[in-house]
Protein chains: 2
Amino acid sequence: MPQKQGKTTRTDSIVFRLTQDIVSKRIAPGTPLDETRLGQQFGASRTPIREALRQLAASGLIELRPHRSPLVAAADIVRLREMFDVMAELEALCAQRCCTDMSAAQRHALEAHHRDMATSVREGNVADYRQGNMAFHALIYDGTNNAYLKQLALMTRERLAPHRGVQLEAPARLARSYAEHEEIVTAILRGDQTGAASAMRQHLAITQETLEQIAAQR
Amino acid sequence: MPQKQGKTTRTDSIVFRLTQDIVSKRIAPGTPLDETRLGQQFGASRTPIREALRQLAASGLIELRPHRSPLVAAADIVRLREMFDVMAELEALCAQRCCTDMSAAQRHALEAHHRDMATSVREGNVADYRQGNMAFHALIYDGTNNAYLKQLALMTRERLAPHRGVQLEAPARLARSYAEHEEIVTAILRGDQTGAASAMRQHLAITQETLEQIAAQR
DNA sequence: GCGGCAAAAATTGTATGCAGTTCGAAAAAT
DNA sequence: ATTTTTCGAACTGCATACAATTTTTGCCGC
């Protein structure tokens, strides 16, 4: 489960760096991770290394067996596809629940946020849009008023985030993404459960296509 | 996240005991967990305690913020209801996916297992049925051929298991549960996606009713 | 008496040392 | 030459000691 990193503790720093190294394939899958070696590599003691490795294991990035060196998990394309698939279903469920379980304030917040994102699209500000997009989906998670569902969806999205790399960089994609958001929002406001769910599914299917391209180009 | 407990390492032992203490309410929600105190309470050093706490945090049983004592997460009725809700949806999704993604061998295994469970029902053997029920649902998780979906469903079920207490003890419940299983199996074998999903949802709604009774009697 | 500040106490984060287990290599037997 | 056994090295699991940070407590000023 991802932690905040407000006051970067050493463990969190190591988690971050190791995560990047793994998802960027700088460390090949199947590689055994030696605690002492990592320790002197990162200039830290074994203790924070161990904590970091536990967190990575919880994230599914590595596998650890008792008394044995942790192995970098095979983040194969198959597994990523599966996760994307489940994420789409989770978010579709969130959108569906939003139709019935959202408070008026939450509905207004979602609508307002979506309108605000229009400026990022017009300016072609990719960084802003990226951030706004995350907030958009977070608002939908919140709208379910189901903490566990929110937690699962967030966890899945965050775990997938590092693998998405440099996608939706093209301004054209921004406009399309925004249009899809529009569909989702209107469906939710209309209370159209199946419409909201399918709109969300389709929205995420686009993202998944990008993954397939990345997979193909290897 | 599956954890073996073959060669009980001290950390795993502590994880197990703490988990039981938390879900059985022996430790009240909101209680701060002091590492040193736990250490001398369990007769262990702080190191394995820390590792155990990380795992519990990953399981969502406790919450930890940097430089602050971990707090036992509130497992209130509201949260439990939410988790049951999500579990129903996850399993409904599993059943739906089984209709399309199951192999022939998996279909046969599910059918055979279901038939075998009839004897437990006839004999009124609650313990056997309980075990068979778990296996039944596990077979459906497997049938999705989606490791991540399986992981989420299993995790949710396991986390909920301790709270289900002494339900479905009455032999009458066994027969009813079995009939519901029957519906699910036939829907899956027929390839009826929506039928399988709704049958599963209804099957779990029964379970949830029991929870409500437990909640009410407190 | 009340609010802010500072120092002390308590608790988490980190480092290091030791013991137990696993894995590999060398040696012995077939 | 191949297989088995044994021994050693390396690494993980655990314990303890130290550093950093937070919280509490006591004091001073208002």
May I have the distance from [X] (atom [atom1]) to [N] (atom [atom2]), rounded to whole angstrom?
{"X": "A:Leu53", "N": "D:dT12", "atom1": "CG", "atom2": "P", "result": "8 Å"}
{"X": "A:Gln40", "N": "D:dA10", "atom1": "CD", "atom2": "C1'", "result": "13 Å"}
{"X": "A:Ile49", "N": "D:dG13", "atom1": "CD1", "atom2": "C1'", "result": "16 Å"}
{"X": "B:Gln55", "N": "D:dG13", "atom1": "CD", "atom2": "C1'", "result": "13 Å"}

Could you pull out all residues at least two apart from [X] that satisfy side chain to side chain donor-acceptor pair (under 3.5 Å)?
{"X": "B:Asp101", "answer": "none"}
{"X": "A:Arg122", "answer": "none"}
{"X": "B:Thr47", "answer": "none"}

query: So how far off straight is the helix from C:dG1-D:dC30 to C:dT30-D:dA1, going by the axes through five pairs at either end, to 10°?
result: 0°
Pairing residues for B:Glu35 by the salt bridge (Lys or Arg N to Asp or Glu O under 4.0 Å) criterion, not counting sequence neighbours: B:Arg46, B:Arg50
query: What pairs with B:Arg157 under salt bridge (Lys or Arg N to Asp or Glu O under 4.0 Å), at least two apart in sequence or on another chain?
result: B:Glu91
message: Suppose we screen for side-chain contact (heavy atoms from CB on, under 4.5 Å). Which residues come up paired with A:Thr31, at least two apart in sequence or across chains?
response: A:Ile27, A:Ala28, A:Val72
message: If the condition is side-chain contact (heavy atoms from CB on, under 4.5 Å), which residues does B:Arg37 pass it with, not counting sequence neighbours?
response: B:Asp34
query: Do any pairs count as a salt bridge (charged side-chain N to carboxylate O under 4.0 Å, His left out) and have a residue in residues 131-149 of chain A, sequence neighbours left out, and if so which ones?
result: A:Asp142-A:Lys150
message: Listing request: all salt bridge (charged side-chain N to carboxylate O under 4.0 Å, His left out) pairs with a residue in residues 59-73 of chain B, at least two apart in sequence or in separate chains.
response: none
Are any protein N/O atoms closer than 3.5 Å to N/O atoms in nucleotides 7-9 of chain D? If there are, list each pair with its distance.
none

- prompt: How does protein reach along nucleotides 8-13 of chain C, written 5' to 3' as B (base within reach of a heavy atom under 4.0 Å), S (only sugar-phosphate), or - (no contact)?
  reply: ---SBB
field: Charged N-O contact under 4.0 Å between B:Glu111 and B:Arg107
entry: no
